[in-house]
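Each chain gets a letter, A, B and so on, in the order the sequences are listed, and its residues count up from 1. Worth knowing before you read on, the calculation uses all heavy atoms, side chains too, and leaves out hydrogens, waters and symmetry mates.
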Amino acid sequence: MTLEILYFAWLRERIGAARETVETDAPTVAALVEELRARDPHHAAALSDLSALRVAVDQELRDFDAPLAGAREISFFPPMTGG
Amino acid sequence: MTLEILYFAWLRERIGAARETVETDAPTVAALVEELRARDPHHAAALSDLSALRVAVDQELRDFDAPLAGAREISFFPPMTGG
Amino acid sequence: MIDIRVQAEPFDYGQECADFAAAQDGAGAVVTFCGIVRGDGGLEAMEIEHYPGMTERALTAIADEAARRWALTGVLVLHRHGTLSPGAHIMMVATAAPPRASAFSAADFLMDYLKSRAPFWKKEHRPEGPSWVAAKASDEDALTRW
Amino acid sequence: MIDIRVQAEPFDYGQECADFAAAQDGAGAVVTFCGIVRGDGGLEAMEIEHYPGMTERALTAIADEAARRWALTGVLVLHRHGTLSPGAHIMMVATAAPPRASAFSAADFLMDYLKSRAPFWKKEHRPEGPSWVAAKASDEDALTRW
């Protein structure tokens with residue numbers, strides 16, 4: 001499947017891109033993270049600690065074991081600091 | 001001593017006056033209430049239930065056993081309902 | 001820094017909010033509350049009696065206590081008296097502090113204390129006649145929170 | 001009844017308070033909160049990044065939940081993004097309900113959820129360089145109150 005991957009805040013800065021399109025068969029968010037880490041050292045560093053990350057699947061917050069079937073937009077970002 | 005006695009809300013309506021000046025030797029608020037009750041049936045009815053009343057001595061909330069020595073203005077009113 | 005106003009005249013809630021926020025120095029959080037006369041059950045008017053002199057004194061004591069407990073940068077308490085129509089703004093409070101939790105707690109505290117420690121009494125005018133609003137036991141109980 | 005706005009433009013806090021209060025029908029209580037950029041420690045600017053699309057969606061879900069829990073007559077959530085100077089108004093919420101406790105609780109709830117469930121990230125610009133604001137464990141813990 002084709003997924004749009006979005007990065008925000010310091011993830012965006014460390015990876016050096018706000019978005020990218022990937023082809024993947026990863027069944028879950030966690031499996032997708034594994035694939036992304038293998039891309040290059042920037043991805044590996046930015047995505048190294050899942051506890052420091054949050055993920056949204058099609059703009060809804062999800063856990064890392066969430067399935068990707070049917071998904072189109074996956075977003076990674078640090079814990080939010082609005083307000 | 002000479003005291004200014006003030007009444008508010010339904011106490012004012014039942015007694016039929018917003019204020020009166022009394023000469024008294026009552027040592028406490030409770031003793032003053034006893035004297036006021038003896039004045040006429042309006043005072044007796046309005047001041048019959050202390051639990052439904054609040055008292056201020058010189059504009060500070062006090063208990064009914066508060067002493068009157070040095071006081072000038074004693075005010076009786078129902079529990080407050082501002083806000 | 002502490003602004004207490006007791007008045008018969010209407011007030012402009014929006015303007016007061018704007019002025020209050022603009023006057024704060026070092027605050028990260030402003031909380032305001034506005035009480036409005038509800039027209040429930042055919043209410044025609046709300047009459048508010050108060051105790052001139054003691055009212056300002058009691059409100060100042062309550063605001064001082066709030067400012068002391070939460071290190072506020074500012075406090076406003078404004079309360080009307082006289083006869084108000086449904087929809088009229090009865091009163092407002094505003095608080096400001098560096099952190100959000102302080103501003104919220106202080107506003108909540110001010111409202112709880114103002115309700116049962118400031119000398120105001122409400123009388124409701126309805127088609128069936130006027131009646132004094134009775135204090136609720138829960139209003140007094142609310143003070144034990146603080 | 002639910003008004004969600006995410007914008008780069010400044011907003012007029014006083015005007016929003018006035019308009020919000022005037023639009024309420026049946027409310028006896030209005031609570032507003034305004035967040036202000038604090039210039040502590042030489043802060044030069046606060047940059048706010050957000051996730052267009054998801055932001056509006058998350059804020060709407062949070063506001064819907066508040067309106068459902070407390071039977072609000074109205075909710076406003078307005079949050080800016082982009083670069084803000086010290087003293088600038090970052091965001092505001094407003095709630096209205098028949099009873100006071102509902103309006104207070106709902107505003108407090110909105111702030112807690114907005115802080116850690118809406119996709120905003122703050123970056124502080126200081127003389128020593130920029131840094132992303134770290135979320136606090138206490139922000140996440142605050143959600144267990146509700």
Undergrad: Report yes or no: does C/His79 contribute a side-chain atom to a donor-acceptor pair with the main-chain N or O of B/Gly82 at less than 3.5 Å?
TA: no

Undergrad: Heavy-atom distance under 4.5 Å to chain C: side chain of B/Ala9, backbone, both or neither?
TA: both

Undergrad: Considering residues, nucleotides and ligands other than B/Arg72, do more than 12 of their heavy atoms fall under 6.0 Å from its CZ?
TA: no

Undergrad: Is there a side-chain contact (heavy atoms from CB on, under 4.5 Å) between C/Tyr51 and B/Gln59? Walk through the geometry before answering.
TA: CA-CA 9 Å; C/Tyr51 182 172; B/Gln59 305 191 352; 3.6 Å; yes

Undergrad: Between C/Trp121 and B/Phe8, how do the two ring planes meet: parallel, tilted or perpendicular, split at 30° and 60°?
TA: parallel

Undergrad: For the atom pair CZ (C/Phe120) and OG1 (B/Thr81), what is the distance rounded to the nearest 0.5 Å?
TA: 10.0 Å

Undergrad: So what's closer than 4.5 Å to chain B heavy atoms on C/Ala134: side chain, backbone, both or neither?
TA: backbone

Undergrad: Can you tell me if B/Asp49 has over 12 outside heavy atoms packed within less than 6.0 Å of its CG?
TA: yes

Undergrad: Quick one: what part of C/Lys115 sits under 4.5 Å from any heavy atom of chain B, side chain, backbone, both or neither?
TA: both

Undergrad: Would you call B/Met80 and C/Lys122 a side-chain contact if the rule is heavy atoms closer than 4.5 Å?
TA: no

Undergrad: Determine, step by step, whether B/Glu13 and C/Trp132 satisfy the side-chain contact (heavy atoms from CB on, under 4.5 Å) criterion, reporting the C-alpha distance in whole Å, the side-chain angles of both residues, the deciding distance to 0.1 Å, and the verdict.
TA: CA-CA 11 Å; B/Glu13 293 178 340; C/Trp132 291 96; 2.7 Å; yes

Undergrad: Report which part of C/His81 has an atom under 4.5 Å of a heavy atom belonging to chain B: side chain, backbone, both, or neither.
TA: neither

Undergrad: Measure the spacing between CD of B/Glu73 and CE of C/Met54 and express it to the nearest 0.5 Å.
TA: 10.0 Å

Undergrad: Determine the option with the most heavy-atom pairs under 4.5 angstrom with chain C, choosing from B/Ala52, B/Ala56, B/Ser75.
TA: B/Ser75

Undergrad: Can you say whether C/Ile48 sits under 4.5 Å from chain B via the side chain, the backbone, both, or neither, judging by heavy atoms?
TA: neither

